[in-house]
Amino acid sequence: GYEKLVKFCEKANEFGCRLAWSDTCCINKDSSTELEEAIRSMFKWYRDAYVCIAYLADSTSVDDLHEDVWFTRGWTLQELLAPWRMKFYVRNWEPLTSNLNDKENLEVMAVLSRATRIPLDDLRHFQPGTRNVHEKMMWASTRTTTRIEDVAYSLIGIFDVSMMVAYGEGKRAFYRLMEAIILKCDQWQIFAWAGPSS
């Protein structure tokens, strides 16, 4: 909770950032308007950030990254793909590497590529949109979310589509996501993806 936020702010300050945004505490979930804006804007916020800081509490080194729960969460997929510059910290807020941008560390990116099955080029230079829908769905298929609607909402920025956020609609959110993708996509293989259900 609070200690994680303090450490996050300390690390942001080390990068020369005077302001920092944390998704765990900077979204007022009691305001449906603010929540919807945050969900629809989050990919862009990560993309435009000076640096994205990710805390991998379950990891101690590159060797056990693939076991970290961070890589199984639905919302962290866009957090991994969107930013141009990313810094990973492992247990006790130790830096994973000495690099200022861990996306430039090919060893780390190769480990992440094997763990997530996301191609190296996409990890480092991801472009949102409806190209390779089936592949992106595969990346998301093993991730989980607390709320069923977030399976869809966490992918809005990855596919660069627009849709209203309506908690309480259940699985219908995913159907609406697919509809938004279909309207923007001209690839017949959009439905040619399979993977274990999250």
Side-chain angles (χ1 to χ4, degrees), residues 15 17 20-23 26-27 36-54 56 65-66 68 70-88 96-97 99-145 149-165 173-195 198:
F15 276 93
C17 299
W21 180 86
S22 170
D23 59 358
C26 291
I27 299 172
E36 179 166 355
E37 179 187 2
I39 288 171
R40 293 171 58 152
S41 303
M42 203 172 298
F43 186 94
K44 182 179 180 339
W45 293 345
Y46 285 127
R47 175 58 50 107
D48 294 344
Y50 177 72
V51 64
C52 179
I53 295 170
L56 310 178
L65 275 186
H66 64 281
D68 201 286
W70 192 87
F71 295 102
T72 67
R73 294 184 185 136
W75 285 106
T76 59
L77 181 58
Q78 67 179 349
E79 191 174 344
L80 176 64
L81 295 173
W84 300 116
R85 188 177 197 192
M86 186 148 203
K87 185 63 191 164
F88 291 105
L96 180 63
T97 72
N99 293 59
L100 290 176
N101 181 3
D102 287 332
K103 285 199 170 191
E104 293 177 355
N105 185 308
L106 294 181
E107 178 190 3
V108 170
M109 290 295 104
V111 168
L112 294 183
S113 181
R114 284 192 300 277
T116 61
R117 298 189 182 131
I118 299 172
L120 191 59
D121 193 52
D122 283 314
L123 283 173
R124 298 182 68 218
H125 310 289
F126 180 76
Q127 292 299 321
T130 55
R131 219 176 106 251
N132 300 325
V133 171
H134 60 289
E135 186 175 29
K136 293 171 185 171
M137 286 294 187
M138 287 288 295
W139 304 341
S141 69
T142 58
R143 292 171 175 264
T144 59
T145 60
E149 296 92 346
D150 286 338
V151 170
Y153 302 157
S154 65
L155 298 174
I156 290 172
I158 288 171
F159 289 109
D160 192 25
V161 295
S162 181
M163 61 184 273
M164 298 299 289
V165 174
F174 189 77
Y175 304 142
R176 288 192 312 106
L177 173 71
M178 292 305 296
E179 182 179 31
I181 292 170
I182 290 167
L183 290 172
K184 208 173 169 187
C185 180
D186 60 359
Q187 296 176 335
W188 63 268
Q189 58 280 57
I190 183 171
F191 295 110
W193 57 272
S198 60

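All residue numbers in this chain count up from 1 along the given sequence. On a predicted model such as this, the values are computed, not experimentally measured, just so you know. For the numbers below, each heavy atom of this structure counts, side chains included, while hydrogens, waters and symmetry mates do not.
- Ring-plane geometry between W70 and F88 is classed as perpendicular, the angle between the planes exceeding 60 degrees on a 0 to 90 degree scale with a lower cut at 30.
- Using a 4.5 Å heavy-atom cutoff, the side chains of L56 and F71 are in contact.
- Partners of F159 according to the ring pair (Phe, Tyr, Trp, His ring centres under 6.0 Å) rule, which considers only residues two or more places apart in sequence or in another chain, do not exist here.
- Residues S154 and R73 bring no donor and acceptor atom of their side chains to less than 3.5 Å of each other.
- Of all the heavy atoms in R40 and V165, the pair that sits closest is CG-CG2, 4.3 Å.
- Within the 4.5 Å cutoff, side-chain heavy atoms of F126 are placed close to those of I158.
- Relative ring orientation between W21 and W45 is described as perpendicular, the plane-to-plane angle rising above 60° on a 0-90° scale split at 30° and 60°.
- A distance of 11.5 Å separates CG of L100 from CG of N105, quoted to the nearest 0.5 Å.
- Using a 4.5 Å heavy-atom threshold, the side chains of L77 and L155 count as touching.
- The two residues T116 and L112 have their closest heavy-atom pair at OG1-O, 2.6 Å.
- Using modelled atom types, no side-chain atom of K103 and backbone atom of W84 make a donor-acceptor pair closer than 3.5 Å.
- Y50 is listed as a side-chain neighbour of R85, based on a closest heavy-atom distance under 4.5 Å.
- K87 contributes a side-chain N or O that, together with a main-chain N or O of N99, makes up a donor-acceptor pair within less than 3.5 Å.
- I181 and M137 make their closest contact through CD1-CE, 3.9 Å (heavy atoms, listed as atom of the first residue, atom of the second, distance).
- The minimum heavy-atom distance linking I118 with S113 is given by the pair O-OG, 2.6 Å.
- For the atom pair CZ (R47) and CD (Q78), the distance works out to 11.0 Å, reported to the nearest 0.5 Å.
- Atom OG1 of T76 sits about 8.5 Å away from atom OH of Y46, to the nearest 0.5 Å.
- Put simply, the side chain of S141 gets close to the backbone of M138: a donor and an acceptor are under 3.5 Å apart.
- Atom CG in L183 sits 11.5 Å away from atom OG in S162 (nearest 0.5 Å).
- Side-chain atoms of R176 come within 3.5 Å of backbone atoms of M164 as a donor-acceptor pair (strictly under, hydrogens ignored).
- In terms of heavy-atom proximity, M109 sits nearest to D102 at CE-O, 3.5 Å.
- Formation of a donor-acceptor pair under 3.5 Å by the K44 side chain with backbone atoms of A82 is not found in this model.
- A donor-acceptor contact shorter than 3.5 Å is absent between the side chain of N132 and the backbone of E135.
- Contacts of W139 classified as ring pair (Phe, Tyr, Trp, His ring centres under 6.0 Å), with partners at least two apart in sequence or in another chain: none.
- For E37, there are no side-chain hydrogen bond (donor to acceptor under 3.5 Å, both in side chains) partners at least two apart in sequence or on another chain.
- Classification of K136 and D122 as a salt-bridged pair fails, no side-chain N sitting under 4.0 Å from a carboxylate O.
- For the pair L80 and L123, the minimum side-chain heavy-atom distance is below 4.5 Å.
- The closest side-chain heavy-atom distance from Y153 to E36 is not below 4.5 Å.
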task = Test side chain to side chain contact (heavy atoms under 4.5 Å, CB included) on M42 and I156 and set out the steps.
result = CA-CA 9 Å; M42 203 172 298; I156 290 172; over 6 Å; no
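- Taking CG from L81 and CD from Q127, the interatomic distance works out to 11.0 Å, rounded to the nearest 0.5 Å.
- Across P128 and G157, no two heavy atoms sit closer than the pair CB-O, 3.3 Å.
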